[in-house]
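These notes are about the structure you will find just below.
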Amino acid sequence: MPEPGVPLERQGFLTLGTYDGADPAPGHEYLLREIVLGEELGFDSVWLRHRHFQSGISSPIAILAAASQRTSRIEFGTAVTPLGWENPLRYAEDLGTVDVLSGGRMNPGLSVGPPIHWDDVKAGLYPDTADVEDLTYHRVERLLAMLRGEPVSTFSGVDGIESFSDYVQPRSPGLADRVWYGGGSRRSVRWAGEQGLAMLTSNVIQTEGHDLGDDASRVFPLIQAEQIQLFRSVHPLGAAARVSQGLVVIPTDSATADQRARYAAFVEHRTPRTAVAHGPRQMLYARDLIGTSEEIAEALYANPAFREVREVVWALPFTFEHEDYVQILTDMATKLGPALGWSPR
C-alpha cells in the first residue's frame, strides 16, 4: 500500500438518517446514537443530508439541535441544504440557534437550484410566489449577509416595551466563515471559490464535456481533481482553501459474513450506474469502495481527486441497519482512518 505524502487531517461521515415511515421515532433515535458514537470514536464531524417526502431526515437542523445536547466536540454539517426549500431569513435564525447551542460547531453546507420534482412541489412550497422565487446563487448571498449580521429589517429600536434589532438574531460570530458549498461543475466550484466559501465535493459530478470512453467511472476522479484545482485557483486562500471529498466507502474489517454479503450486493446493484452519464446535465456517479481498510486506502491513494484533499466526509450507504452503521463507523475510525494517516480526536 503506498504511503501518503501528507496524513489525512479530518475525517467525518454523512448519513441520510433513514427510518420507518410508519414508526419514525426509532430511526431518529438511532441516528442520534450514531452521532454520539461518532464523537466517542473521535470523528471530526457528522453531516446530515436532506430528504423531503421520503423516509429520511427532512429537518437536519432539528436533529443537530438535539445532538448538540448529547455531544460536546464533534462538528455538525449539512451536506447539503438545498436553499430552494428554505427561506434564507428563517434558515439564518435556525443556523444561528444551533451554532449557539453547540458552542460554534455548525458548518452549513448549501446548494441552489429548483427543488427536486419542482413542478410537483412548488404549489405546496410557494403557492403564491413559485414563478418569481430567486433560486440562484443570490439566495446563498442573501443567507451569508444575514449570517454576517448585515441589516435586514428597516426597523430597529423600541416598540412599546420590546426591543428589536435590524439584523437576524441570534447572531453567532464566525458562523458565516464556516459555510460550505456543494459543487459538482466548473461553474459551481468557480463561483464558490470566488465567494471564499469552503467546498464539498461528493460522489456526483457533471461530465464537463470530457470523453468518457467505455467506462465513465475511470474518468470521474480526473474530472473531480480538475474541479478541486479550479476551485483553489480562484479562492482567496489558494491552496489553503478547504475542500472535503465525499465518497461511499464500506470497510469490512470487522463485518460478519452476513454483513459482507449484504454490503457486496448493495455495491453490485449500484455499480452499473457509474459506467455512463445520466440525464440532461450528464451526471456521473463515483464507484462505491468496499473491502478491508487497507484495500480501500490503496484505492484512495490511486484516486487523483483524493490526493487533492486533506479532509473527507464518507457517505454512509443507505438502507442498512443501525448495527451495520455501528460496525462501519467503528472500522472507519479504528482501521480506515489510521490507514490514511488520520488520528482520532
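Since this is a predicted model, take the numbers as computed values, not measurements.
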Quick one: ring-ring contact (aromatic ring centres under 6.0 Å, His included) partners of Y325, sequence neighbours excluded? none
Taking D128 for its side chain and Y126 for its backbone only, find out whether a donor-acceptor pair lies under 3.5 Å. no
With P151, which residues qualify under side-chain contact (heavy atoms from CB on, under 4.5 Å), at least two apart? D166
Any donor-acceptor pair under 3.5 Å linking the side chain of R232 with the backbone of A240? no
Do side-chain atoms of R10 reach the backbone of E311 as a donor and acceptor pair under 3.5 angstrom? no
Please determine whether side-chain contact (heavy atoms from CB on, under 4.5 Å) holds for the pair L31 and Y19, giving the CA-CA distance in whole Å, both sets of side-chain angles, and the decisive distance to 0.1 Å. CA-CA 9 Å; L31 173 56; Y19 55 84; over 6 Å; no
Within the 4.5 Å heavy-atom criterion, are R186 and E226 side-chain neighbours or not? yes
With side-chain contact (heavy atoms from CB on, under 4.5 Å) as the criterion, how do L95 and R178 come out once you've worked through the C-alpha distance, each side chain's angles and the decisive distance to 0.1 Å? CA-CA 11 Å; L95 290 172; R178 285 180 263 118; over 6 Å; no
Apply ring pair (Phe, Tyr, Trp, His ring centres under 6.0 Å) to the pair H50 and W85, showing each step before the final yes or no. CA-CA 10 Å; H50 285 249; W85 290 93; 8.7 Å; no
Do V179 and L143 make a side-chain contact, defined as non-hydrogen atoms from C-beta onward lying under 4.5 Å apart? no
Going by the rule side-chain contact (heavy atoms from CB on, under 4.5 Å), which residues pair with S165 if we only count those two or more places apart in sequence or in a different chain? Y167, Q169
Check whether any side-chain heavy atom of P108 sits under 4.5 Å from a side-chain heavy atom of D99, and report yes or no. no
Which donor-acceptor pairs under 3.5 Å do side chains of residues 338-345 form with protein atoms, sequence neighbours excluded?
from	atom 1	to	atom 2	distance (Å)
W342	NE1	D44	OD2	2.8

Check: A286 main-chain N/O paired with T274 side-chain donor or acceptor under 3.5 Å: no
Are the side chain of R105 and the backbone N or O of S102 linked by a donor-acceptor pair below 3.5 Å? yes
Please examine the side chains of F320 and T18, heavy atoms only from C-beta on, and report whether any two atoms are closer than 4.5 Å. no
Tell me if a side-chain donor or acceptor on T15 pairs with a main-chain N or O of G17 at a distance below 3.5 Å. yes
Would you indicate whether the side-chain heavy atoms of R142 and P88 approach each other to under 4.5 Å? yes
State which residue, out of E29, E34, E40, fulfils the salt bridge (charged side-chain N to carboxylate O under 4.0 Å, His left out) condition with R70. E29
Angle class for the F43/F13 ring planes (parallel below 30°, perpendicular above 60°, tilted otherwise)? perpendicular
Parallel, tilted or perpendicular: which one describes the rings of W191 and Y137, with boundaries at 30° and 60°? parallel
Does E321 have more than 12 heavy atoms from other residues, nucleotides or ligands lying within 6.0 Å of its CD? no
Could you check if a side-chain atom of I116 sits within less than 4.5 angstrom of a side-chain atom of H52, using non-hydrogen atoms only? no
Is there a donor-acceptor pair closer than 3.5 Å between any side-chain N or O of H210 and the backbone N or O of T207? yes
Is there side-chain contact between T271 and D288, with at least one heavy-atom pair below 4.5 Å? no
Okay, side chain of Q224, backbone of V204: is any donor-acceptor separation there less than 3.5 Å? no
Closer than 3.5 angstrom, by distance alone: can the side chain of E39 be matched with the main-chain N or O of R73 as a donor-acceptor pair? yes
Between E133 and R139 (salt bridge meaning N to carboxylate O under 4.0 Å), is one present in this structure? yes
Share the residues that join L284 in a hydrophobic cluster, the rule being Ile, Leu, Val, Met, Phe, Trp or Tyr side chains under 4.5 Å apart at the heavy-atom level. I205, L212, V219, F220, I223
R307 side chain vs Y301 backbone, donor-acceptor pair below 3.5 Å: yes
ILVMFWY cluster membership beyond L200 - transitive side-chain contacts under 4.5 angstrom: L14, W47, V80, W180, V313
Residue pair T252 / Y263, side-chain donor-acceptor N/O under 3.5 Å: no
Any salt bridge between K335 and D253, counting N to O under 4.0 Å? no
Do I250 and P317 have side chains that get closer than 4.5 Å, going by heavy atoms? yes
